[in-house]
Amino acid sequence: MGTSWFLLFLAGLFEIAWAIGLKYTHGFTRPLPTVGTVAALGVSFLLLGLAAKHLPIGTAYAVWTGIGAVGTVICGILFLGDPATLPRLLCVGLIRAGVAGLKLTA
């Protein structure tokens, strides 16, 4: 995997972190979770920007959001008690397939 794709993957992981972090900020009323969430957001954007220097922006953005969406749903199911219904899991699979397709055609 090239450096840009690796940076994009890391950006997606940090997107998951800040999305899950939102739950713990309680509407940005808790300082420590808020700082961590904002920091993860900043790192995620920075890494996305670096990856986008060498990847098509549409592909980079779609893969970034796809990693974040799939990862956030999975983390929500595993750690936050979000429902794991068959329709939700099928939709996550469709997002995953789209991300894989974009990676293969970039």
Side-chain angles (χ1 to χ4, degrees):
M1 176 163 43
T3 302
S4 294
W5 285 105
F6 181 69
L7 292 174
L8 187 58
F9 176 72
L10 288 178
L13 294 181
F14 276 96
E15 185 184 7
I16 296 165
W18 72 256
I20 294 296
L22 286 173
K23 187 81 165 174
Y24 295 97
T25 68
H26 291 270
F28 300 105
T29 60
R30 297 177 65 208
L32 192 56
T34 296
V35 169
T37 298
V38 171
L41 176 64
V43 172
S44 182
F45 272 110
L46 174 70
L47 293 170
L48 172 62
L50 292 172
K53 287 171 56 175
H54 303 287
L55 298 172
I57 189 61
T59 299
Y61 181 76
V63 169
W64 177 69
T65 58
I67 292 168
V70 169
T72 302
V73 169
I74 291 170
C75 286
I77 290 168
L78 293 175
F79 305 116
L80 301 174
D82 290 353
T85 63
L86 183 59
R88 288 186 87 217
L89 296 175
L90 289 173
C91 290
V92 167
L94 290 171
I95 295 168
R96 172 62 180 97
V99 168
L102 286 170
K103 165 86 169 72
L104 292 172
T105 60

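Counting heavy atoms from C-beta outward, Ile16 and Cys75 have side chains that approach closer than 4.5 Å. Residues Leu41 and Glu15 fail the side-chain proximity criterion, which asks for heavy atoms closer than 4.5 Å. When side chains are defined from C-beta on, Phe79 does not count as touching Ile20, because their heavy atoms never get closer than 4.5 Å.
Hydrophobic clustering of Ile, Leu, Val, Met, Phe, Trp and Tyr side chains at less than 4.5 Å, counting indirect connections, keeps Leu22 apart from Val38. Residues Leu10 and Leu46 share a hydrophobic cluster, clusters being chains of Ile/Leu/Val/Met/Phe/Trp/Tyr side chains in contact below 4.5 Å. If you chain together hydrophobic residues whose side chains sit under 4.5 Å apart, Ile57 and Trp5 never meet in one group. Under the 4.5 Å side-chain heavy-atom criterion for Ile, Leu, Val, Met, Phe, Trp and Tyr, Tyr24 and Phe28 are members of the same hydrophobic cluster. In this structure, Ile95 is not a member of the same hydrophobic cluster as Leu90, with clusters built from ILVMFWY side-chain heavy atoms closer than 4.5 Å.
Not a single side chain to side chain donor-acceptor pair (under 3.5 Å) links Ser4 to another residue, sequence neighbours left out.
The nearest pair of heavy atoms linking Ala19 to Thr72 is CB-OG1, 3.6 Å. The two residues Leu8 and Ile67 have their closest heavy-atom pair at O-CD1, 4.2 Å. Here the shortest heavy-atom pairing between Ala51 and Leu7 reads CB-CB, 4.2 Å. Here the shortest heavy-atom pairing between Val70 and Val92 reads CG1-CG1, 3.7 Å.
Although no hydrogens or angles enter the test, the distance criterion places a donor-acceptor pair under 3.5 Å between the side chain of Arg88 and the main chain of Pro83. Formation of a donor-acceptor pair under 3.5 Å by the Thr29 side chain with backbone atoms of His26 is found in this model. Between the Ser44 side chain and the Phe14 main chain, no donor and acceptor come within less than 3.5 Å of each other.
Within a 6.0 Å sphere centred on CG of Leu32, heavy atoms belonging to other residues, nucleotides or ligands number 12 at most.
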Open item on the list: Between Ile77 and Leu89, is the side chain to side chain contact (heavy atoms under 4.5 Å, CB included) condition met? List the steps.
Closed with: CA-CA 10 Å; Ile77 290 168; Leu89 296 175; 3.9 Å; yes

Open item on the list: Applying ring-ring contact (aromatic ring centres under 6.0 Å, His included) to Phe45 and Trp64, what does each step give before you reach the verdict?
Closed with: CA-CA 10 Å; Phe45 272 110; Trp64 177 69; 5.5 Å; yes

